[in-house]
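Heads up, the thing below is written out as structure tokens.
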Number of protein chains: 2
Amino acid sequence: MLSLSCAALQPLIRNLDRYVALTPDDRAAIAALGDRSQVEKPAHTDIAREGERARVAHAVISGWACCYKDLPDGRRQILGFLLPGDVFDLNLDSLREQDCSVSALTRVRLAELLPSQVRALPDDHPRVWKALLLQQQANAAILREWLLNTGQRTAIERLAHLLIELFLRNRAIGLASREGLKFPITQSHLAEATGLTPVHVNRTVQALRRQDLIEYANGHLKILDLARLSDIALFDAKYLCVEEYQ
Amino acid sequence: MLSLSCAALQPLIRNLDRYVALTPDDRAAIAALGDRSQVEKPAHTDIAREGERARVAHAVISGWACCYKDLPDGRRQILGFLLPGDVFDLNLDSLREQDCSVSALTRVRLAELLPSQVRALPDDHPRVWKALLLQQQANAAILREWLLNTGQRTAIERLAHLLIELFLRNRAIGLASREGLKFPITQSHLAEATGLTPVHVNRTVQALRRQDLIEYANGHLKILDLARLSDIALFDAKYLCVEEYQ
DNA sequence: CGACACATTGAAATTGCTCAACACGAGTGG
DNA sequence: CCACTCGTGTTGAGCAATTTCAATGTGTCG
């Protein structure tokens with residue numbers, strides 16, 4: 001039983017281990033953290049809504065989610081994708097309202113991290129706590145890169161950049177290989193993430209395909225020429241905490 | 001002497017007090033924190049460069065700065081403005097390279113927070129530490145709003161939104177009144193912050209002026225009709241930790 | 001005065017958007 | 001099994017927001 005839930009929390013352990021070298025004790029602490037209560041959300045449902053107060057923090061165990069903001073007239077911006085091992089709603093101040101919503105893109109399994117557990121972390125398992133804070137900082141770095149992306153890059157650069165990021169992040173958690181990755185993201189999602197329209201994303205995707213840079217169909221993405229795609233995207237992997245580039 | 005530096009650190013104390021109720025002891029701790037070493041940077045110089053490792057953390061005492069990223073071909077995105085009381089380079093992991101540059105927009109006075117001091121904070125002054133972490137989270141919230149801004153809003157909405165944010169943030173630290181605020185930001189800066197061209201910012205500023213929404217000249221900004229400007233910007237102050245709206 | 005940074009203007013070019021239609025596959029209910 | 005719908009992807013044509021290029025104005029400062 002315990003070993004089973006440990007298996008479920010491997011993505012989180014693996015992810016946090018990128019930021020701080022974890023001891024076996026730390027790993028056990030993380031497993032205990034997410035062991036208590038896990039929930040499953042169906043695809044295309046909201047996990048958290050902007051304006052609510054987060055009851056618990058969440059760690060993604062499996063599946064894809066995204067956080068987003070919307071405008072009163074329906075325009076929507078995806079602010080980031082959440083993959084297995086990512087923690088969100090980690091609120092240091094329980095009174096504060098969430099400033100963005102979170103939605104499940106696929107069926108998502110989540111570990112719920114209770115506030116009492118989280119509060120005990122800095123004292124009881126300082127390395128785990130530090131790793132969580134560093135993951136938050138890494139997320140902020142991704143956010144800054146996204147702002148650069150939508151603010152300055154052209155459509156094809158933006159799209160190329162986003163696809164590379166998602167490829168590398170998936171590869172870093174063992175979910176992508178040379179053969180590509182499961183990619184449950186529609187062109188409309190790409191549009192909402194890049195600030196383009198779905199129609200224009202479509203045409204841009206086709207341009208990438210025509211140049212034999214990617215395959216992207218049936219929920220599957222394959223990067224055919226990472227080097228050339230990186231050139232187009234003006235991609236610099238430093239902002240991702242993914243050492244082994246290429 | 002001590003009272004003098006205390007005065008210099010008022011912005012930081014006032015800013016952190018927004019996140020956590022500080023005791024007199026906490027305030028003294030903050031004053032001591034920034035007391036050790038202060039530096040002055042001339043306008044239009046870099047304070048930190050992307051790719052470097054931060055030697056110390058910084059708190060802005062007076063003046064404006066911004067952090068930004070640039071692309072190899074010269075395009076540049078401003079990622080946020082730093083005002084008195086804002087802390088940056090607060091690196092939990094001293095090995096990690098900065099992922100963005102910081103530049104002084106005016107002459108800037110900075111307090112240097114030594115790593116040893118910062119490391120002692122969680123144990124010695126947990127409320128101060130928590131306030132610093134909450135400020136970091138608040139900065140991330142601003143970043144998310146900026147991504148929504150550049151990704152989804154039109155030129156006039158974007159500009160209106162940015163101007164309101166800067167007005168409210170300045171007012172929250174006592175640097176803006178009904179009469180407006182010192183605004184050492186050129187139209188080119190606004191362009192780099194919103195992902196527009198300087199020419200288009202110029203035309204959009206003029207549209208705002210024509211509608212009697214703002215005055216903006218000679219390094220001074222005045223919001224003439226905050227309510228109407230907020231409507232245009234689809235502005236919702238919740239993301240800023242500034243309670244007293246209007 | 002000259003140099004320089006910043007603001008402003010106009011005209012033409014272009015990127016990306018809007019609108020509208022159609023294709024296609026998966027799932028659903030008759 | 002078919003008809004239907006729905007979500008997603010694709011295409012075309014016209015349009016609009018924003019960019020580009022190039023020039024001019026304006027104030028400050030040495």
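Note that the structure is a prediction, hence the values are computed from the model and not measured. Each chain gets a letter, A, B and so on, in the order the sequences are listed, and its residues count up from 1.
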Do any side-chain nitrogens or oxygens of A:Arg209 fall under 4.0 Å of OP1 or OP2 in D:dT10?
yes
Taking any heavy-atom pair under 4.0 Å as a contact, classify A:Gly219: base, sugar-phosphate, or nothing.
nothing
Heavy-atom nearest nucleotide on DNA chain C for B:His189 versus B:Val199: which residue maps closer to 5'?
B:His189
Smallest separation among heavy atoms of A:Cys100 and A:Cys67, with atom names:
SG-CB, 3.9 Å
Whole-Å gap separating C1' (C:dA7) and NE2 (B:His200)
16 Å
If I take atom CZ in residue A:Phe183 and atom P in nucleotide D:dT8, what distance separates them, rounded to the nearest angstrom?
14 Å
Please report the C-alpha distance between B:Glu179 and B:Lys222 in whole Å, then the side-chain angles of each, then the deciding distance to 0.1 Å, and finally whether the salt bridge (charged side-chain N to carboxylate O under 4.0 Å, His left out) criterion is met.
CA-CA 6 Å; B:Glu179 292 318 303; B:Lys222 185 173 175 183; 3.6 Å; yes
Would you kindly check whether a donor in the side chain of B:Arg203 faces an acceptor in the base of C:dG10, or vice versa, at under 3.5 angstrom?
yes
Hey, is the side chain of A:Asn202 poking within less than 4.0 Å of OP1 or OP2 on D:dT10, counting only N and O atoms?
yes
Which value, rounded to the nearest 0.5 Å, describes the distance between A:Asp212 atom CG and A:Asp225 atom CG?
9.0 Å
Distance check: side-chain N/O of B:Gln206 vs OP1/OP2 of C:dT9, anything under 4.0 Å?
yes
Rounding to an integer number of Å, can you tell me how far A:Arg153 CZ sits from D:dT18 C1'?
20 Å
Considering only NZ, NE, NH1 and NH2 on the basic side and carboxylate oxygens on the acidic side, decide whether A:Asp236 and B:Lys69 come within less than 4.0 Å.
no
In whole angstroms, how far is the P atom of C:dT15 from the CG atom of A:Leu159?
16 Å
Here the distance between atom P of C:dA5 and atom CG of B:Leu105, to the nearest Å, is 16 Å
Among C:dG10, C:dT18, D:dT11, find the nucleotide with the atom closest to the side chain of A:Thr197.
C:dT18
CZ of B:Arg75 versus P of C:dT15: gap in Å, rounded?
13 Å
Whole-Å gap separating C1' (C:dA7) and CG (B:Leu221):
16 Å
State plainly whether the residues B:Arg153 and B:Glu145 are in salt-bridge range, i.e. N to O under 4.0 Å.
yes
Taking only side-chain nitrogens and oxygens of A:Gln187, does any of them come within less than 4.0 Å of OP1 or OP2 of D:dT10?
yes
Quick one: label B:Ala155 by what it contacts on the DNA or RNA (base, sugar-phosphate, nothing), any heavy atom closer than 4.0 Å.
sugar-phosphate
From CD of B:Gln152 across to C1' of D:dA17 the rounded distance in Å is 15 Å
